[in-house]
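Given the structure is predicted, the values throughout are model-derived calculations rather than measurements. Remember, it's 1-based here, ligands and their atoms both numbered in the order they're listed.
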Amino acid sequence: MRVAVVGLGAWGSMTAWRLARAGADVVGFEAGVIGHDHGSSHGATRLYRRLCVEHAGLVPLAERSAELWRTLEQEAGEPLLTVTGGVSIGPADSALVHDSLAVAAATGVAHEVLDAEAIRARWPMLRIADDAVGIVDPAAGILAAEPSVLAAAAAARRAGATLHDRTRVDVTDAADGIVRVDGREERFDQVIVAAGAWTGELVPGLGVTPTRTLVTWFAPRPGEEAQHSAETLGVVVVAVEDAWMWGHGALPGGLVKLGPADDPAFVPIGPDALPGSSDPRDGALVSRLAAAALPGLDPTPTGMRPCMYGRTSDHQFVIGRIGERLTVAGGCNGHGFKHAAAIGEHLAEVALGTEPTVPLPFADPVRFAAAAA
Ligand SMILES: Cc1cc2nc3c(=O)[nH]c(=O)nc-3n(C[C@H](O)[C@H](O)[C@H](O)COP(=O)(O)OP(=O)(O)OC[C@H]3O[C@@H](n4cnc5c(N)ncnc54)[C@H](O)[C@@H]3O)c2cc1C
């Protein structure tokens, strides 16, 4: 079967890899250079967590993803997922604690529940309230972001895929299996569009809005380095004020990465307008949250880089078949990297017509088609 993959970020490169491994004749198209920094997948790291408060159905997806990441590490010969363990912390009555416990109960995923005293004993660098509850995910960790995209693309090529970079294609007729490359038609049995924040522009009616965000890094104050290493701090999600802040400790030679779950500075953007874009509010919220929760850090970000993701009104992915020959994958809502390997497998299975290893009924694009009708 001849399959086109349009977009070779984290989701598309993993899809090309899983398709090629399943024996498909894969042709991938990427508008930029594979691993470029104008989309969603760039930068050094992303968080890996299994306690996905966004939807309980994402827990098996995250677990399958970790298995596939280990396979990719073996094929690539390099480490890509560093397990540190992680904790989600908030007041007992917060949505973060409530939803984390609900997801843990619904899925039976291994976890530990700590009170404020136990959290302070294990994470003394965190400033937390006396009524805080912590839910520990021992399998949480840090994914190497750009290296994973490059590793998946290289593994896809080794398995026989043909991947074209600097090739922006037109998918107007993708429902008929047609991809236009420089005005020339190429025909495929199946087309998968995994174009990140461009997905809504390429395939209208999916409810995907490109949204600008930031990656921000922080330096520990002098003498605080050991307390804020990846090994010691691990992966944290903390409810601070009315917001959530996520992050991880510094890997050797790196910095502490922190970001807010949502921010007034995260605004809709034309996806080609990202490079060099800025907003006067950039970094303000995360600086304030960092000062409140991690006093051992200098709260002024050491570095900031624009990034973006496709956002949907219900914050869920848009993944599934929308025609006999067309499958789409977008709307990552800023939490899709950890799932990329299993999403790649899922998209390959949908295109090849085999039973999905992890079904994703809640991501079906039909919900937006129904709303638009
Ligand atoms: C700041 C930030 C922090 C994040 N942190 C986390 C985290 O800690 N954990 C987590 O799990 N997730 C996180 N995410 C989300 C995660 O990074 C994304 O879900 C993931 O990278 C999505 O990858 P993608 O392949 O869908 O998109 P992209 O990487 O943007 O790939 C889409 C590709 O399609 C290409 N393309 C577009 N149009 C065309 C065309 N016409 N022809 C050919 N190619 C085309 C683009 O050039 C692009 O390379 C974060 C996201 C951001 C922005």
Side-chain angles (χ1 to χ4, degrees), residues 4-16 27-50 52 54 58 61-62 65 86 140-143 145-146 148-149 152-153 163-172 174 179-182 191-203 208 210-217 235-237 246-248 257-261 263 265-266 269 271-272 274-275 286 304-311 317-319 328-344 347:
V5 181
V6 176
L8 297 171
W11 287 13
S13 60
M14 294 286 186
T15 304
V27 183
F29 301 99
E30 167 52 51
V33 174
I34 296 172
H36 70 79
D37 64 357
H38 300 161
S40 298
S41 303
H42 56 278
T45 61
R46 291 291 184 275
L47 307 188
Y48 174 83
R49 297 177 295 115
R50 293 174 312 169
C52 302
E54 298 86 4
L58 293 172
L61 196 68
S65 229
I142 304 169
L143 288 161
E146 285 168 15
S148 293
V149 174
L163 306 184
H164 302 284
D165 64 2
R166 302 175 205 266
T167 307
R168 185 178 288 249
V169 301
D170 175 359
V171 295
T172 315
V179 171
R180 287 178 202 276
V181 190
D182 297 329
V191 178
I192 298 171
V193 176
W198 288 265
T199 303
E201 194 176 88
L202 292 182
V203 187
V208 176
T211 304
R212 180 180 174 279
T213 67
L214 277 186
V215 190
T216 32
W217 292 275
V235 167
V236 287
V237 183
W246 48 258
H248 68 69
K257 182 177 172 185
L258 298 173
D263 189 323
F266 294 177
I269 189 170
D272 289 319
L274 182 72
V286 68
M304 293 199 282
R305 247 169 117 182
C307 200
M308 65 180 170
Y309 55 76
R311 196 169 197 166
F317 303 153
V318 180
I319 296 177
V328 292
C332 83
N333 287 282
H335 59 93
F337 200 94
K338 66 182 80 59
H339 303 293
I343 286 172
L347 290 168

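- Shown here for Gly344 and Thr15, the closest heavy-atom pair between the two residues is CA-OG1, 3.4 Å.
- In the displayed structure, Arg166 atom CZ is contacted under 6.0 Å by at most 12 heavy atoms of other residues, nucleotides or ligands.
- Contacts of His36 with ligand 1, taken as heavy-atom pairs under 4.0 Å, involve the side chain alone.
- Using a non-hydrogen distance threshold of 4.0 Å, Val171 does not register as a contact of ligand 1.
- Salt bridge status for Arg46 with Glu146: absent, with no side-chain N to carboxylate O gap under 4.0 Å.
- The pair Arg212-Asp263 does not meet the salt-bridge criterion, since no charged nitrogen lies less than 4.0 angstrom from a carboxylate oxygen.
- At a 4.0 Å heavy-atom cut-off, ligand 1 does not touch Asp170 at all.
- Of all non-hydrogen atoms in Cys52 and Ala62, the two that sit nearest each other are SG-CB, 4.3 Å.
- Less than 4.0 angstrom separates some heavy atom of Cys332 from each of these atoms of ligand 1: 18 (C), 19 (O).
- The residue Ala145 has no part lying near ligand 1, judged by heavy-atom distances below 4.0 Å.
- Atoms of ligand 1 found under 4.0 Å from any heavy atom of Gly336 (numbered from 1 in listed order, with element): 11 (O), 12 (N), 15 (C), 19 (O).
- Checked by distance only, ligand 1 and Val6 stay at 3.5 Å or farther apart across all their nitrogen or oxygen atoms.
- Checked by distance only, ligand 1 and Leu8 stay at 3.5 Å or farther apart across all their nitrogen or oxygen atoms.
- For Tyr309 and His335, the ring centers are positioned 6.0 Å apart or more.
- Of all the atoms in ligand 1, the ones that sit under 4.0 Å from a non-hydrogen atom of Lys338 are 9 (N), 10 (C), 11 (O).
- For atom 43 (C) of ligand 1, the nearest non-hydrogen atom from the set Ala340, Pro260, Ala329, Ala31 belongs to Ala31.
- Each of Leu214, Thr213, Thr211 was scored for a side chain to side chain contact (heavy atoms under 4.5 Å, CB included) with Cys307, with one residue passing: Thr213.
- Of the candidates Arg168, His36, His164, His36 is the only one forming a side-chain hydrogen bond (donor to acceptor under 3.5 Å, both in side chains) with Glu30.
- When all heavy atoms are compared, the tightest approach of Phe337 to Ala10 is CE1-CB, 3.5 Å.
- Shown in contact with Gly7 at under 4.0 Å from a heavy atom are these atoms of ligand 1, numbered in order with element: 33 (C), 34 (O), 35 (C), 44 (N).
- The closest heavy-atom contact to atom 21 (O) of ligand 1, among the options Ser41, Gly32, Ser13, comes from Ser41.
- For ligand 1, none of its N or O atoms has an N or O atom of Ala197 under 3.5 Å away.
- The backbone N or O of Thr45 lies less than 3.5 Å from a partner atom in the side chain of Lys257, making a donor-acceptor pair.
- In terms of modelled atom types and a separation under 3.5 Å, the side chain of Ser65 and the main chain of Lys338 share a donor-acceptor contact.
- Nearest to atom 52 (C) of ligand 1 among the protein's heavy atoms is Cys307 SG, 3.7 Å.
- Using a 4.0 Å cut-off between heavy atoms, Leu202 contacts ligand 1 through its side chain alone, with no backbone atom that close.
- Considering only non-hydrogen atoms, atom 3 (C) of ligand 1 lies nearest to Trp246 out of Tyr309, Phe266, Trp246.
- Among the atoms of His339, none of the N or O lies under 3.5 angstrom from an N or O of ligand 1.
- Using a 4.0 Å cut-off between heavy atoms, Trp198 contacts ligand 1 through its side chain alone, with no backbone atom that close.
- The option from Gly259, Ala195, Gly39 that lies nearest to atom 32 (C) of ligand 1, judged by heavy atoms, is Ala195.
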